[in-house]
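When a ligand or atom number is given, it counts from 1 through the structure's own listing order. All residue numbers refer to positions in the sequence shown, counting from 1.
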Amino acid sequence: MALPILYSYRRCPYAMRARVALWAAQMRVEVREVSLRDKPAHLLQISPKGTVPVLQLTEGTVLEQSLDIMLWALAQRDPQGWLNADRDTIVRLIAINDGDFKKALDRYKYPERYPEQPQVFYRQQGEQFLQLLEAALQQHRFVLGDSASMADVAIFPFIRQFAAVDAGWFAGSAYPQLRAWLNGWLESALFAQIMQKFPTYIEST
Ligand SMILES: N[C@@H](CCC(=O)N[C@@H](CS)C(=O)NCC(=O)O)C(=O)O
């Protein structure tokens, strides 16, 4: 039986959030791990913008945004109630992550590409979001309440990247609840499953 096709890249945080939702929903998909430098022609044909993740459903519909893939997966099955939180609140928090925070993350991670400011400046910009999350996690176990929601899943891969830029700094930073929350996701069985290695997809000609 044909399966939906997921174009993915193992270390991409957008692809990670999509895979977590797909795996949590127990959706079977054909994972096509791409090389970002040599994208398959079929991927570019169904999604000319050329980013991953992209999911092509069996009847042909193409979902080209990670959040759309998450929403589709969780609409099929949401065993952990990740869509139970208020939808507007979920969307608002993810928008900060994907907007200002991602911008700061890129600059903090690759300061040589943004020499206008020192690296620490970009880290401090990113910390505004860390502070917001830390304050929320001081109040409850997950970012929007005492149970996990789509917001946690959509955000943690980006916090993982931010933490990894300078692991020593993050370990000693003023965000203990955020560290515990991040570790919870990174140590989960689900994360181990979605980080399994797939061979790079080679298109047959
Ligand atoms: N808004 C997109 C962003 C996806 C994205 O930017 N993915 C990166 C990899 S992490 C990508 O494919 N970049 C294209 C490239 O590097 O060529 C989504 O949410 O799916």
Side-chain angles (χ1 to χ4, degrees), residues 4-25 27 29-57 60-76 78 82-83 85 87-114 122 125-126 129 133 143 149-165 182 185-186 190-191 193-203:
I5 296 169
L6 178 71
Y7 284 102
S8 183
Y9 182 67
R10 184 171 177 269
R11 289 182 296 122
C12 166
Y14 298 99
M16 279 181 204
R17 62 161 62 142
R19 296 199 305 276
V20 174
L22 287 163
W23 261 246
M27 299 310 299
V29 296
E30 176 188 336
V31 178
R32 295 186 177 177
E33 173 77 11
V34 304
S35 156
L36 291 178
R37 278 193 227 111
D38 184 18
K39 291 170 191 152
H42 180 247
L43 166 62
L44 296 174
Q45 181 199 322
I46 62 171
S47 180
K49 71 177 176 32
T51 64
V52 291
V54 168
L55 183 70
Q56 184 179 39
L57 304 181
T61 303
V62 176
L63 303 176
E64 357 179 34
Q65 292 293 336
S66 55
L67 296 179
D68 291 336
I69 298 172
M70 294 185 81
L71 286 169
W72 177 81
L74 297 173
Q76 311 306 307
D78 183 12
W82 287 349
L83 289 181
R87 190 70 64 95
D88 287 346
T89 314
I90 292 178
V91 168
R92 260 201 310 276
L93 198 59
I94 296 176
I96 303 174
N97 180 82
D98 291 12
D100 288 348
F101 180 67
K102 172 71 163 100
K103 197 170 154 202
L105 169 61
D106 288 345
R107 283 156 178 74
Y108 176 42
K109 202 169 164 205
Y110 303 109
E112 63 286 355
R113 296 184 197 167
Y114 304 94
Y122 301 125
Q125 284 194 323
F129 190 51
L133 295 176
V143 296
S149 77
M150 176 173 157
D152 298 89
V153 179
I155 290 168
F156 88 79
F158 295 82
I159 305 299
R160 171 182 179 270
Q161 273 199 349
F162 196 90
V165 174
L182 178 63
W185 287 107
L186 300 185
L190 199 50
F191 189 68
Q193 286 166 24
I194 68 116
M195 289 306 277
Q196 68 184 281
K197 289 194 174 153
F198 289 91
T200 302
Y201 172 67
I202 300 179
E203 210 160 30

How far is [atom] from its nearest protein heavy atom, and which residue and atom is that?
{"atom": "atom 9 (C) of ligand 1", "result": "Cys12 SG, 3.3 Å"}
{"atom": "atom 6 (O) of ligand 1", "result": "Tyr14 CE1, 3.7 Å"}
{"atom": "atom 19 (O) of ligand 1", "result": "Ser66 OG, 2.6 Å"}
{"atom": "atom 16 (O) of ligand 1", "result": "Leu36 CD1, 3.8 Å"}

Could you check whether [Y] and [X] have their ring centres less than 6.0 Å apart?
{"X": "Phe191", "Y": "Phe156", "answer": "yes"}
{"X": "Phe158", "Y": "Phe129", "answer": "no"}
{"X": "Phe101", "Y": "Phe162", "answer": "yes"}

Considering the heavy atoms of [X], write down every atom of ligand 1 situated less than 4.0 Å from one of them.
{"X": "Pro53", "answer": "20 (O)"}
{"X": "Lys39", "answer": "14 (C), 15 (C), 17 (O)"}
{"X": "Gly50", "answer": "14 (C)"}

* Is there a donor-acceptor pair under 3.5 Å between the side chain of Arg10 and the backbone N or O of Met195? -> yes
* **Within-shell test, Val52 vs ligand 1, heavy atom, strictly < 4.0 Å** =>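 A heavy atom of Val52 does come that close to ligand 1.
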* Does the N or O separation between Gln65 and ligand 1 drop below 3.5 Å for any pair? ->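 In this structure, Gln65 places an N or O atom under 3.5 Å from an N or O of ligand 1.
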* Is Thr51 close to ligand 1, meaning an N/O of one under 3.5 Å from an N/O of the other? -> no
* To do: Could you verify whether a donor N or O on one side chain and an acceptor N or O on the other, from Arg32 and Tyr201, lie under 3.5 Å apart?
  =>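 Note: Arg32 and Tyr201 side chains meet the donor-acceptor criterion.
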* **Arg92 with Asp88: basic N within carboxylate O range, under 4.0 Å** => no
* Would you mind checking if Arg17 and Asp98 are paired as a salt bridge, meaning a charged N to carboxylate O distance below 4.0 Å? =>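 Salt bridge between Asp98 and Arg17, a charged N being under 4.0 Å from a carboxylate O: yes.
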